[in-house]
Amino acid sequence: MHATGLQCKRCGWQGELELTYQCPLCGYSLDVLYDYNRVDVRAFQKSLETYYCMWSFGQLLPVQDPEAIVSMVEGNTPLYQSKQELGCRLYLKDETRNPTLSFKDRPNTVGISVAKELGFKEVSIASTGNGGASLSAYAAKAGMACHVCVPDVTPLGKVLQIAYHGAELIRCQGDYSDSFRRNAALSEKMHWANVTSTYINPYTIEGDKTIAYEIFAQLGNRIPDWIVVPLGAGPLLSGIYKGFRELNLLGLCSSLPRMVGVQAEGCAPIINAWRQHKQKVTAWVHCDTVAGAIADPLTGYESDGTRTLQCIYESDGVGVKVSDASILQAVENLARYEGIFAEPASAATQSAVQTLCAEDVIKEEDVVVGIITANGLKDSEALYEYSQQKDKQHGAAGR
Ligand SMILES: *Cc1c(COP(=O)(O)O)cnc(C)c1O
Ligand SMILES: [Zn+2]
């Protein structure tokens, strides 16, 4: 409601609240500005106590006309204290509990609502599956046409969601970056609103940031020491950090959390840059990981990775890469000890917490929140294959 315009995250260029995909001066990605002085802080505090869905935080979301909002009660997900003893005070934010079973409903409800408000009739997205499944559902709800570019290796569960919601499914050869490029070109030509959740759409991270508000409320108006987030290009991480910064700007908290970015060893462009103390991210050459939802090589939009890297530095955060074996073990442990069935990309969160506790980067008394981004049923092929292999190993051990 109190959004005032767009601003370039690099050179400071400012523009109107339109669907602008990059800075006209320097090409970098954009960010939504607000007039924080106009926010009714008391009402915002009230919404921290009584929120029903993400849109309860509408004062800090970029839609003016309530009629434009396309919502399916996204957000308001549980925060559980972990039952496993991993070496810190770990909480799990269960984003599998969103309408289409992933956190992508948060960026998409904002992205599609802004598109509708601006008069677009058709939306599009490049996705490794979850983003597409989500946007397809929201487009169905809104009666808008939807076009989804996915890599041809996308798991069946996600593809079925997209198809059943009636979106046009465009399977693309190659990795996620190839789908990204195809969708950007098609969207430009056909005048579809591009809701892809890299930073190309400046509005979607506004949805991601509501996770911060909820965590703050759920911890009894406290700021955790660490937030652990699996990264594609990283808007989820930057969005959550923006949410905490806003709480700070509104005078509701005095500290900020340190952000942990997590990638798989088989696709870790942002983490490698962090480990080498670089200021810029370079593209990954060949992605190979079981965590398909975060396999983004960033080819052609490396600066999106750089924006995430800068956010990790700014928060005094850390980058971690984890092996596929540890990810699959974490899927099992989350299911077995927490009652949460998570897809591999989401379980990477838990592998990272274990790594950082073992390295004593995260201390025993630290309060840590791990984001569990999507449901395991969405990637059932990978998990079925893993369970079969495990059965075989057990067999060989002479059960
Ligand atoms: C999209 C996605 C991520 C990464 O989020 P980004 O904002 O693209 O970095 C993590 N986990 C899952 C399951 C996802 O679908
Ligand atoms: Zn610029």
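Residues: numbered from 1 along the sequence shown. Whatever order the structure lists them in is the order used to number ligands and atoms, beginning at 1.
Comparing Ser134, Pro344, Gly232 by heavy-atom distance to atom 9 (O) of ligand 1, the nearest is Gly232. Among Lys104, Glu95, Gln263, Lys378, the residue whose heavy atom sits closest to atom 1 (C) of ligand 1 is Lys104.
Counting heavy atoms from C-beta outward, Ile211 and Ile240 have side chains that approach closer than 4.5 Å. Residues Lys93 and Glu214 meet the side-chain proximity criterion, which asks for heavy atoms closer than 4.5 Å. Residues Ile312 and Tyr241 form no side-chain contact, since every pair of their non-hydrogen atoms from C-beta on lies 4.5 Å or further apart. The shortest side-chain heavy-atom distance between Ile125 and Asn108 falls under the 4.5 Å cut-off.
Here the heavy atom of the protein found nearest to atom 7 (O) of ligand 1 is Leu236 N, 2.9 Å. For atom 8 (O) of ligand 1, the closest heavy atom belonging to the protein is Ser197 O, 3.8 Å. In terms of protein heavy-atom proximity, atom 10 (C) of ligand 1 is closest to Ile294 CG2, 3.4 Å. In terms of protein heavy atoms, atom 5 (O) of ligand 1 is closest to Phe103 CZ, 3.5 Å. Nearest protein heavy-atom contact of atom 12 (C) of ligand 1 is Thr373 OG1, 3.3 Å.
Ring centroid separation for the pair Phe57 and Tyr51 comes in under the 6.0 Å cut-off. Aromatic ring centres of Tyr80 and Tyr91 lie farther apart than the 6.0 Å criterion allows.
Within the structure, the closest approach of Gly131 to ligand 1 does not fall below 4.0 Å when heavy atoms are considered. Within the 4.0 Å heavy-atom cutoff, Ser102 does not count among the residues contacting ligand 1.
Our summary of the site lists the angle at the Zn ion (ligand 2) between SG of Cys11 and SG of Cys26 as 120°, to the nearest 10 degrees.
Transitive grouping of hydrophobic side chains (ILVMFWY, heavy atoms separated by less than 4.5 Å) brings Leu377 and Phe103 into a common cluster.
Nearest heavy-atom pair, Gln279 versus Gln310, reported as atom, atom and distance to 0.1 Å: O-NE2, 3.0 Å.
When only interatomic distances are considered, the shortest N/O to N/O separation between Asp208 and ligand 1 does not fall below 3.5 Å.
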